[in-house]
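All figures in this text were calculated on a predicted structure; none of them were measured in a lab. Lettering of chains follows the sequences in order, A, B, ..., and the numbering in each one begins at 1.
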Number of protein chains: 4
Amino acid sequence: MKNTFGSAVGLTIFGESHGAAVGAVLDGLAAGLPVEEAYIAERMDRRRARGDGLSTGRTEPDRVEFLSGVLDGHTTGTPLTFVIRNTNTRSGDYARTADLLRPGHADYTAFAKYEGFQDARGGGHFSGRITAAAVAAGAVCERILADRGIRVYTHIARCAGIDDAPLSSAAGLVCADPEPGHFALLDPSREAAMQQAIRAAGAEGDSVGGILETVITGVPAGVGEPFFDSVESELAHLAFSIPAVKGIEFGAGFGFADLRGSQANDPFVMRGGDIVTATNRNGGVNGGIANGMPIVFRTVVKPTPSIYREQDTVNFRTRTDTKLQIRGRHDPCIVARAAVVQNTMAAFGILDLLTVRYGTLGQKPGRKEPGTCQKG
Amino acid sequence: MKNTFGSAVGLTIFGESHGAAVGAVLDGLAAGLPVEEAYIAERMDRRRARGDGLSTGRTEPDRVEFLSGVLDGHTTGTPLTFVIRNTNTRSGDYARTADLLRPGHADYTAFAKYEGFQDARGGGHFSGRITAAAVAAGAVCERILADRGIRVYTHIARCAGIDDAPLSSAAGLVCADPEPGHFALLDPSREAAMQQAIRAAGAEGDSVGGILETVITGVPAGVGEPFFDSVESELAHLAFSIPAVKGIEFGAGFGFADLRGSQANDPFVMRGGDIVTATNRNGGVNGGIANGMPIVFRTVVKPTPSIYREQDTVNFRTRTDTKLQIRGRHDPCIVARAAVVQNTMAAFGILDLLTVRYGTLGQKPGRKEPGTCQKG
Amino acid sequence: MKNTFGSAVGLTIFGESHGAAVGAVLDGLAAGLPVEEAYIAERMDRRRARGDGLSTGRTEPDRVEFLSGVLDGHTTGTPLTFVIRNTNTRSGDYARTADLLRPGHADYTAFAKYEGFQDARGGGHFSGRITAAAVAAGAVCERILADRGIRVYTHIARCAGIDDAPLSSAAGLVCADPEPGHFALLDPSREAAMQQAIRAAGAEGDSVGGILETVITGVPAGVGEPFFDSVESELAHLAFSIPAVKGIEFGAGFGFADLRGSQANDPFVMRGGDIVTATNRNGGVNGGIANGMPIVFRTVVKPTPSIYREQDTVNFRTRTDTKLQIRGRHDPCIVARAAVVQNTMAAFGILDLLTVRYGTLGQKPGRKEPGTCQKG
Amino acid sequence: MKNTFGSAVGLTIFGESHGAAVGAVLDGLAAGLPVEEAYIAERMDRRRARGDGLSTGRTEPDRVEFLSGVLDGHTTGTPLTFVIRNTNTRSGDYARTADLLRPGHADYTAFAKYEGFQDARGGGHFSGRITAAAVAAGAVCERILADRGIRVYTHIARCAGIDDAPLSSAAGLVCADPEPGHFALLDPSREAAMQQAIRAAGAEGDSVGGILETVITGVPAGVGEPFFDSVESELAHLAFSIPAVKGIEFGAGFGFADLRGSQANDPFVMRGGDIVTATNRNGGVNGGIANGMPIVFRTVVKPTPSIYREQDTVNFRTRTDTKLQIRGRHDPCIVARAAVVQNTMAAFGILDLLTVRYGTLGQKPGRKEPGTCQKG
C-alpha cells in the first residue's frame, strides 16, 4: 500500500523535503519493548550530513519527537509515531530552475504522476530527506532485534572505485560501529582513500556511487515465507524503497551466473550439535527461508544525481530543450549515509518476518521456545 | 501475505511438486478481458521441460484447467482460478535420500519452518513445479497488457559463460518470440554454443546458471508508487519469489558503482512532442516511478542445485554428517525456463501497478484518457 | 482485497454457482495441524440442502477435494487449497428470465459492476453456493481452534416469527451439535413450529428470514486489535460477506440504545482467581479487544429473495418495466444453512486474530505460555 | 493491519488521550484534490465537546496541523499527515483509581493485551479522543466525495428514549447541516426533549445511548466488491472501529427477520431512463455491491461507560474486589459526537471503494466516463 509496508509490523512513512516534517508510524510492535532515545539519536547522527565536503551543507538537528506509542522508554503496543522537523530548508535554491527537470531525479515522474500538484520543493517526497524517518523507525527495530540476539551490520563494500576488505577476510564478521563521522568499513585504513576520491569528484562538480554489503546474524532458521514473502523479496522490496538503490544481490549474487552447481551449493555439516552450512554462497537463504547462517546481501547506490555540471534537459512548462545548472546543497556521495538507511530498513524487514512467525508477543526475548530446528 | 501478492490485483499461488495439482487465483481483474487459452498454452509450452538434455526428463502436459472467473473466453470480474494437474511424479526417486538435506535446496529451511510436517516429496511447495502456476497467471496478465500496448520481453543475457548480444545493439528492441524449444536471444546465432555448454556441464553431472534481461515497453510515465511500492520494489519482490533468482538490477545496475553522476544521469530531451530521456541508464524508472522509457532489469539465476555429483551433507534425522548422491530427473540449467517465469511475473507486477493508478476499469484499453503527461 | 481476507491467515474464496467448482485457499496455517476430513464432511452435511421443503431441491454431494497443503491428515504449512465440484446445475431454469433482474438479488449490481460480462448463471459468484467453500475452510479453522479450547456455536435465535429459548436460560451455554437435518436450537422443542412456519411460507410461494446468535468461548483476553481490527470489526466484516446477512450486533446490541450506563456496564469481579465480569452485556468485547468472557453476537438473515410470487421488475436489455415469475429450485428459508456458514466464518476470524497475536506457531496448543493476564 | 485500514486508500490512526497528540496518515489520495481547512475545522467543531452538560468539560481547540501531503489547499498525492495536539489533559483525575478497572471500558483488555505497558492515562489509545483524528481524516474524504456528487449524512435516529422523525417522512432526504452546537435531526423540534433527557440522566450520575442513521447518496451502481469487501463489510468494519458502536444494520436490518421475501425484495422499475428500485429495504446494497439507491444503515452507540455512580469492580494489582467511584470529566451522552465520527468514517469507506474501482485518478470529478450502467 504505497507508503505503508509490512505483513505483521506496519511501517508508514510520510513527509516532504521542504514541508513541515518527515516522520513515520510503526504499528504492530509488542508492548514493553525498549525505545532508547540515545540509540536512535546515535543512528540519526550517523545518517546526518556534516557539511564537510563529503555530504550536503544542509545540516539538520534531526531530533526525533515521539507523538504516540511510547511511555517511559518503552513501547505501549499502540502505533508508535514520531516526527522530525525540517528546519534548514532553502527552497529559493530551487526556484530559479523549478521548471527544469533534473536528470536522474524524480522531477519528471512526480510531474507525470501528480499532474503538476506535487510538492516539488527540494525533491518533495522523493528527497533523501525522507530517509531520516526510515532510519529512526528502523533504529527502533534494530534495538528490539538486539535483545533477541539479532545484529544487522552494513559496511561500504566499494565506493568511488575503492574496495573495502572482503567479508571473509574480516577479523570479526560483525565489527564495532565506526566512530561518529567515520565510514563503516571492515578495513578502516581504506577510509582516507575513499574520502579523498569522493572529495575529488565533488571538486569536479561530479558525484560517485558505491556498493553496500549487509550482514544479519542471529536470525533463526525457518523465518521467511514461501513464494511471495521470501526473506529476499522482503529485503529487496525495502532496499528498492531507498532512493538511489538500483540493484540487490544475495550471497554470490550475480556471480552465480558463472558458477557451476557444484560450486554454488553450500554443503550441510554438523557443528556443535547444530546443522549449519560449510560455506555461505546462498547468503543465509534457501528457498526464500532463512537457514540460520548470516544473511548477506549487497546493494548498489547510484551516484548522487545532483551534480554541478551543466546538463541537457527539458523545461516541462514550455516543453523545450534547455540546459540546467544546479545550485543548492548536495552530497557528492550518499553511500555512507545510505548505509545507515539500508541497515535500519533491513532491521525492520527482519522484525516483520519474525513477527509473522512468532506473533506480536514473540518480539520479546524469552517468550518463545527456540524449537527443535532453530539454531538462533 | 505469504502466498498472495499484489496491491490492486491479487495473485495467490498454491501447490506442491508431487501433490494433486498446482494452481493460482487471480483476483481484481476487470470483467470482459480476454482469456486466450491458446496464448496461455503457448507460454506454458515455452516453460515446459522437454527431456532433451537441456531440461528435466519430467515432462508434464501442463494443461490449464479453469475453475472460475472465465466465461466464453473472457474474464467475468470475479476470481479467476485454474489448476494444473501433476501427472508425472516419481516420489520414489526421493525416498532413498529423504532424510538427507540437499545442498542449495530448501529441504533444511522447510524442515526448520514446518517442523517436519512439510510435504517434502520432490521439493514440495519449493519446487520449480509451482512456477507453472505463475506462468499461467502471468500469461493472462501479459495478454491483457498487450491490449494496452504494453509488451514484456525477456532474453537470456548470459548463460553457461556465453553472452547474448547486448540490448543496445539489437536490431529491434523487442524481438519476436523464439520458435518452440528455442532460447529467447537477441542474437539467435549464439544459441548453439549456449546449449552445447549446458549439455557439457550436464554430462559432468553438474549444472550452470545465467542472467536474464527483461524489457517492458509502453508503460505510461507516472505508474508506480513512492517509497515502498516503487516499480523496482514490486518487480524485485516478484523476481525473488522465483526459485533460484538471487539478484536483480535496474538499468546500469551494479555498474552504477563505478559511474560518476555525469555518466549516470539520463538527460531529458523533447522528441516528437514527448519528454523522453536521451539515454536509459536508469532503466525506465526515476524515484521509483516509471518515466515512460522502457523498463529494463536483469536477474541472475543460480545453477540448478540438483546435481549428480556426490556432495557433503547431513542426515537431519540422525543428525550426522554423510554423503549425498542425488538421482531423479533434473535440469542441468533452468535459465531458459526461468525466462518465461520472469517474464510473466513482471507482466503481473505491471498490471497490478497500472490498476492501482487507473482502477479495475482502467485495465481495459480506451477506458482512460491518456492524460497530459503520459506518453503511453 | 476483494475475495481474500485476513491479517495473518488469508482466506481466498472463488467459484460460481454453475461453473466447474467453488473452492478456497487458506494460507498462513502452521504445519502439523489436524485436517480431519470427517469433521469437515460433517460441517458440509449440515450446510447441505436436503430438498425436504425446508431447503432447495438442488442437492450437491459437496465433496471437498484437497489440492495442496494437506498431507496424511495434517497441514503442511503451505497454502491449503480445495475445490468442491458443482454437479447439479440446471442453468436452463434461468435462461427464460435471464434478462429480468431478480429483486433482492445481485443481478443488477453484478450487471452494473461487470458490465454484462458476469457469469449470471444461477447467480454466479453471488450465489449462496459459494458458501460451501466458506464452510469447508471455516471447518478447518473450527477444528484447529478446538485443540486450543476455543468453541464456536451458533443457534437460530428466531426464525419465521418463532423464538428459540434465550441464551441465558439455556441449561448449557454451548449445546451439543444437533442431529443431521435438525436445527441448531437451545430448545429443540421449538423446531417443529419453526419448520411448520417455514413450510407454510414456502407453500404460499414466499420465504422467511431469521436471526442467528453465535457464542465463542475460550478466546483469551487480549486478542483483537485496537481501532480498525477490533474483534467486532473482524467478525462483522466476515458476517457481511455472507449473502443475506444485513445486520450484526454484539452483546446487548441495539438494546444498548435504551439502556443507561449503569445498566450497560459489566462489573468486574474476581472468580476462582480470574478477573471476569459479573454480566456480559458487552458480548465479551471491551474496546474492541476480547475480555475473556464468551463473545456473543447476533446476525440477521433476510428472507430468501427467490420467491415464486410474481414480482415487478425491469428487463435490463430492453430497459422496460415487466413482470417476473421465478422458477428453479430455491430455499423458502436459508437461516438454518446460514447458521453453519456464520459459525465457520467466525471460527476463521478468531483464528486470524489469534495468529496476529501469537504468530503462526501459536496456532498449536501448548506452544505459548498463557501469560499472566490471560484466562484462556 | 491493526491501525491502518483501506484497500486502495489507506488510513492510519495514532495517538493517546493524554499523549502529545492524536493524528492520522491518509495515503492513496490523488494529487490536486481540495483540502479545505475551513471545511475540516467545521467538522472538528461539530465533534467537539462543549462542556455544556451534554458533553465532557474537557474542551480542546482541536486544531488540525498538516505535516505533509498538502500544498496550497490541495493534496500533493503523497501521504497526507496531520496531528491534533492534546492540550487539556488532567491525568491526575485518573491517578487515584488507576488500579481499578472501569466497567465497560478497555482498561482490562488493554491490560491483558499490553501486559501492563499500555498508556492507561485517560483511556490511552482507547479513548474517544482518538476519534478527533478520524473525523479530520474523514472530513478530507467527505469534501472529495462532494466534488463527485456523493453526500454522506448522519442523523440521531434515537437518543435517550426519544426518536427522531423516520427517514421516509423527512421532507428532504438529506438535510442541511445543523447549526453549531445543535443535534443532527430530521425533525429539529425533537432536540429539546432529547437534550433534556440527556441532562436528566447526567444529573443522576448516569449516561444514555442511542441510534445513528446514515444515508449516502450518489454512489454509482457497481461500487463495492464481492464476498469479503462488500459495501456492508467495509462500512461495518469502520463502524466497529468507533468506540461504543455495538451494532450495525443495513436497510430493514433486524426487521428483515420478521418480513417475508415478498415484503423484503425491492422491485426494480425504470425511472427517467434509469434502473432504480421502487423501495429501498435493502439499503442501497444488493449482493454487497451498491445498486445506485441511497445507502442507508443504522449504528447503535452504547451509553457512555464513564458514570458517576459507584460501581463494583476489581483492583487488578491486588486482584481483589472493590468499589469504584469515577471522577474526571465525562459525557453523559456521546451520541451526537459519535454522529460526526460515523459520518466521516463512512465517507472514508466509500472513497476507498470508489478508488478500488476507478483508481487513484478516478477520485477526481470528470475523470471517468460514467459507464452505461451507472446512474451517478
Side-chain angles (χ1 to χ4, degrees), chain A residues 2-3 5 13 101 103-104 106 108-109 112-113 125-126 158 206-207 209-211 221-222 225-230 232-233 236-237 240-241 246-247 249-250 253-254 256-257 259-262 264-268 270 275 286-287 289 291 300 302-305 307 309 311-314 321 373, chain B residues 2-3 5 13 101 103-104 106 108-109 112-113 125-126 158 206-207 209-211 221-222 225-230 232-233 236-237 240-241 246-247 249-250 253-254 256-257 259-262 264-268 270 275 286-287 289 291 300 302-305 307 309 311-314 321 373:
Chain A
K2 301 172 181 77
N3 293 274
F5 186 70
I13 288 196
L101 301 171
Y108 173 60
T109 52
K113 182 170 183 59
H125 190 62
F126 296 89
R158 180 174 177 83
D206 218 331
S207 64
I211 294 173
E225 299 299 324
F227 222 75
F228 291 123
D229 288 353
S230 68
E232 290 146 325
S233 285
H237 197 130
F240 282 114
S241 305
K246 297 294 279 188
E249 57 179 7
F250 288 80
F254 278 88
F256 276 120
L259 295 181
R260 288 199 161 185
S262 56
N265 287 346
D266 298 306
F268 289 102
M270 295 303 303
I275 298 171
N286 288 137
I289 316 289
N291 67 9
V300 61
K302 73 173 183 175
T304 327
I307 55 173
R309 297 192 168 191
Q311 297 179 84
D312 290 329
T313 193
V314 157
D321 292 328
C373 312
Chain B
K2 300 171 181 79
N3 293 276
F5 186 70
I13 287 196
L101 301 172
Y108 174 60
T109 52
K113 182 171 183 59
H125 191 62
F126 296 89
R158 181 175 177 82
D206 218 331
S207 64
I211 294 174
E225 300 298 324
F227 223 75
F228 291 123
D229 287 354
S230 69
E232 290 145 325
S233 286
H237 197 130
F240 282 114
S241 306
K246 297 294 279 189
E249 59 178 6
F250 288 81
F254 279 88
F256 276 120
L259 295 182
R260 288 200 162 186
S262 57
N265 287 346
D266 297 307
F268 289 102
M270 295 303 304
I275 298 171
N286 288 137
I289 316 289
N291 66 11
V300 62
K302 73 173 184 176
T304 326
I307 55 174
R309 299 191 167 192
Q311 299 179 83
D312 291 329
T313 193
V314 157
D321 293 327
C373 312

Notebook entry, point to check: Taking it one step at a time, do A:Lys113 and B:Glu225 satisfy side-chain contact (heavy atoms from CB on, under 4.5 Å)?
Noted result: CA-CA 9 Å; A:Lys113 182 170 183 59; B:Glu225 300 298 324; 3.2 Å; yes
Notebook entry, point to check: With respect to chain A, which residue among B:Gly210, B:Ser230, B:Ala264 yields the maximal number of heavy-atom pairs within a distance under 4.5 Å?
Noted result: B:Gly210
Check: Where on A:Phe5 is there a heavy atom nearer than 4.5 Å to chain B: the side chain, the backbone, both, or neither?
Finding: both
Notebook entry, point to check: Quick one: of B:Asp321, B:Leu259, B:Ile13, B:Ile211, who has the most non-hydrogen atom pairs under 4.5 Å with chain A?
Noted result: B:Asp321
Checklist line | A:Asp266, part contacting chain B, at a heavy-atom distance under 4.5 Å | finding: backbone
Next item on the list: Check for a donor-acceptor pair, side chain of A:Asn286 on one end and backbone N or O of B:Ala106 on the other, with a separation under 3.5 Å.
Entry: no
Note to self: Quick check for you: among B:Leu101, B:Asp206, B:Thr313, which has the greatest number of heavy-atom pairs under 4.5 Å with chain A?
What the structure shows: B:Asp206
Item checked: chain B contact via A:Ile307 - which portion, at a heavy-atom distance below 4.5 Å -> side chain
Next item on the list: Report the residues that fulfil ring pair (Phe, Tyr, Trp, His ring centres under 6.0 Å) with A:Phe250, sequence neighbours left out, ordered by chain and then residue number.
Entry: A:Phe297, B:Phe240
Checklist line | Contact leader toward chain B among A:Gly287, A:Gly261, A:Gly104, where contacts are heavy-atom pairs under 4.5 Å | finding: A:Gly261
Checklist line | Heavy-atom pair with the smallest gap, counting every atom of B:Asn3 and A:Phe227 | finding: OD1-CB, 3.5 Å
Next item on the list: For residues A:Pro303 and B:Arg260, report the shortest heavy-atom separation together with the two atoms involved.
Entry: CG-C, 3.7 Å
Next item on the list: Report the option among B:Phe126, B:Phe254, B:Phe256 that has the most heavy-atom pairs separated by less than 4.5 Å from atoms of chain A.
Entry: B:Phe254
Notebook entry, point to check: For A:Arg158, is it the side chain, the backbone, both or neither that has a heavy atom under 4.5 Å from a heavy atom of chain B?
Noted result: side chain
Check: Between B:Lys302, B:Lys246, B:Arg309, which shows the greatest number of heavy-atom pairs under 4.5 Å with chain A?
Finding: B:Lys246
Next item on the list: Write down the atom of B:His237, the atom of A:Asp229, and the distance for their closest heavy-atom approach.
Entry: NE2-OD1, 3.1 Å
Notebook entry, point to check: A:Gln311 and B:Asn265: side-chain contact (heavy atoms from CB on, under 4.5 Å), yes or no, with the steps?
Noted result: CA-CA 9 Å; A:Gln311 297 179 84; B:Asn265 287 346; 2.9 Å; yes
Check: Would you find a donor on one side and an acceptor on the other, under 3.5 Å apart, between the side chain of A:Asn291 and the backbone of B:Thr109?
Finding: no
Next item on the list: Go through A:Ser241, A:Gly247, A:Gly209 and name the one with the most non-hydrogen pairs under 4.5 angstrom from chain B.
Entry: A:Ser241
Notebook entry, point to check: Under a 4.5 Å heavy-atom cutoff, which of A:Pro267, A:Gly253, A:Ser233 has the most pairs with chain B?
Noted result: A:Ser233
